[in-house]
Participant: 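Below is the structure I would like to discuss, written out as structure tokens.
So that the names make sense, note that chain A is the first sequence line, chain B the second, and so on, each numbered from 1. All values below come from the heavy atoms of this structure, side chains included, with hydrogens, waters and symmetry mates left out.
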2 protein chains.
Amino acid sequence: MPRNRPDVAREEKIDDIVRVAARALREGGYEALSLSGVAQELGLARGAIYWYFASKDDLLVAAAKRIFDEALSSPPSLGQYAKRIEWAMEQLAMLGQVTSALRDRSHHSEAVASFETAFHRRLCDGLRNVLRPNVPAARLDDVADSVVVFVQGLLSMGLAPAVRRDRLKFLLRQLVPRVS
Amino acid sequence: MPRNRPDVAREEKIDDIVRVAARALREGGYEALSLSGVAQELGLARGAIYWYFASKDDLLVAAAKRIFDEALSSPPSLGQYAKRIEWAMEQLAMLGQVTSALRDRSHHSEAVASFETAFHRRLCDGLRNVLRPNVPAARLDDVADSVVVFVQGLLSMGLAPAVRRDRLKFLLRQLVPRVS
DNA sequence: ACCTGAACACCGTTCAAGT
DNA sequence: ACCTGAACACCGTTCAAGT
């Protein structure tokens, strides 16, 4: 059996690592994301990962990116704006361990910090588009930013889904005036 | 030199451990809070800590409790309600590493999770008292809960202090009607 | 009751050596 | 270019043995 695999494309090998890492991260958080575990599952030595990722935090970023992309890839195309926001919130709520790992590591890794910032910007941009038909242009930026902050808060508090949804509805009633 | 110190009160020894642990946690987050480090700084063996704390997460809770109590112990007695909320937010903003450590570990430890819940409740209670004179009774609970969620979101996003304050002001304008 | 010292089973990271 | 295997310097946790 060959020790290395020069025949397999580099992207494919990276993809294997990220896939295994993403599952560990999603299911067990930062604690469960271990280079030893990932390597073992792929039949590699621990050190092999470092040929593709400079550190555990870099692998964390790659895994989180994949998880979020997958979770937000198929939004409901129709429906009220409130339902779409709720959908995104619930998708993210299932990934609490991922979010909190990013939050914690962003204090130690520049790569994690900048990924987190980029992700927040992405959420704000998406939300602006969803809210545009329902919010006066002058208020759009403020309202979108506020809703993202609020959702982030809801997610960071580990609330029950029903409570989460009620709080979100309350805030949307306050910020998005009924068009009449 | 004596190996153990039966003369020193148990509370005092616990206090030493928590004090050292709190400083490590505040300055370097969960990563820097190591039982080895704490023990070494106190001239103890690693295992000695386990006589007082059942696990690292239990020590985390004790350290976080002390840090938050200290940070919120002397609020400005006077001033606008908005200023008091802003003060509390800024106090907590300086403790981002503590908050994110609690958030991450709450998925793995029941003790951490219930401490986090209790802390959120404490914030909501305090906020209700601050807002009571300015918010109709029927809206008080919803508004207080929303503001806590919002502040939690602001803190979890690692924003610049100025941005943070602006967002908070915007939300308070939306939720707390001018009494006229 | 309290503490040590060693042991256990892990980590992330580095690197000489191999293919 | 890619991967191994060993080494390094750590972890948290347990526990027999001491005081």
Participant: Measure the CD-CD distance between Gln152(A) and Glu116(A) for me, rounded to the nearest 0.5 Å.
Facilitator: 7.5 Å
Participant: Find out whether Val176(A) and Tyr81(A) are in side-chain contact, i.e. whether some heavy atom of one side chain is under 4.5 Å from a heavy atom of the other.
Facilitator: yes
Participant: What integer distance in Å separates Leu35(B):CG from dA9(C):P?
Facilitator: 20 Å
Participant: What does Ile49(B) touch in the nucleic acid at a heavy-atom separation under 4.0 angstrom: a base, only the sugar-phosphate, or nothing?
Facilitator: nothing
Participant: Answer yes or no: is there a donor N or O on one side and an acceptor on the other, between the side chain of Arg164(A) and the main chain of Leu159(A), under 3.5 Å?
Facilitator: yes
Participant: From CG of Asp57(B) over to P of dG12(D), roughly how many Å is that when rounded to an integer?
Facilitator: 10 Å
Participant: Suppose you measure atom P in dA9(C) against the same atom in dA9(D); what distance do you get, rounded to whole Å?
Facilitator: 22 Å
Participant: Under the ring pair (Phe, Tyr, Trp, His ring centres under 6.0 Å) rule, collect the residues that match up with Phe115(B), sequence neighbours excluded.
Facilitator: none
Participant: How long is the line joining NZ of Lys56(B) and P of dA9(C), in whole Å?
Facilitator: 21 Å
Participant: Quick test of your reading: applying ring-ring contact (aromatic ring centres under 6.0 Å, His included), list the pairs with at least one residue in residues 119-166 of chain B, sequence neighbours left out, ordered by first then second residue.
Facilitator: Phe68(B)-Phe119(B)
Participant: Determine whether a donor-acceptor pair (N or O, by modelled atom type, separation under 3.5 Å) exists between the side chain of Gln174(A) and the backbone of Leu175(B).
Facilitator: no
Participant: How long is the line joining CG of Asp7(B) and P of dT19(D), in whole Å?
Facilitator: 17 Å
Participant: Once salt bridge (Lys or Arg N to Asp or Glu O under 4.0 Å) is applied, do any residues pair with Glu27(A), and if so which ones, sequence neighbours excluded?
Facilitator: none
Participant: Without swapping roles, check the side chain of Gln91(B) against the backbone of Leu72(B) for a donor-acceptor pair under 3.5 Å.
Facilitator: no
Participant: Rounded to whole angstroms, how far apart are NE2 on His108(B) and C1' on dT13(D)?
Facilitator: 17 Å
Participant: Who are the side chain to side chain contact (heavy atoms under 4.5 Å, CB included) partners of Ser114(B), not counting sequence neighbours?
Facilitator: Glu110(B)
Participant: Check the phosphate of dG12(D) against Ser36(B), side-chain N and O only, distance under 4.0 Å to OP1 or OP2. Yes or no?
Facilitator: yes
Participant: Tyr50(B) has an atom OH; how far is it from atom P of dC11(D), in whole Å?
Facilitator: 12 Å
Participant: Identify all stems in which DNA chain D takes part, counting only runs of at least 3 consecutive pairs (Watson-Crick or G-U wobble, each distance under 3.5 Å), and give each as one range with another, ordered by first number.
Facilitator: C:4-8 with D:12-16, C:12-16 with D:4-8
Participant: Can you check nucleotides 2-6 of chain D for protein contacts, nitrogen or oxygen pairs under 3.5 Å, and list what you find?
Facilitator:
{"residue": "dC2(D)", "atom": "OP2", "partner": "Arg10(A)", "partner atom": "NH1", "Å": "2.9"}
{"residue": "dC2(D)", "atom": "OP2", "partner": "Trp51(A)", "partner atom": "NE1", "Å": "3.0"}
{"residue": "dC2(D)", "atom": "O2", "partner": "Asn4(A)", "partner atom": "ND2", "Å": "3.3"}
{"residue": "dC3(D)", "atom": "OP2", "partner": "Tyr52(A)", "partner atom": "OH", "Å": "2.1"}
{"residue": "dC3(D)", "atom": "O3'", "partner": "Arg3(A)", "partner atom": "O", "Å": "3.1"}
{"residue": "dT4(D)", "atom": "OP2", "partner": "Ala45(A)", "partner atom": "N", "Å": "2.7"}

Participant: Taking any heavy-atom pair under 4.0 Å as a contact, classify Leu59(B): base, sugar-phosphate, or nothing.
Facilitator: nothing
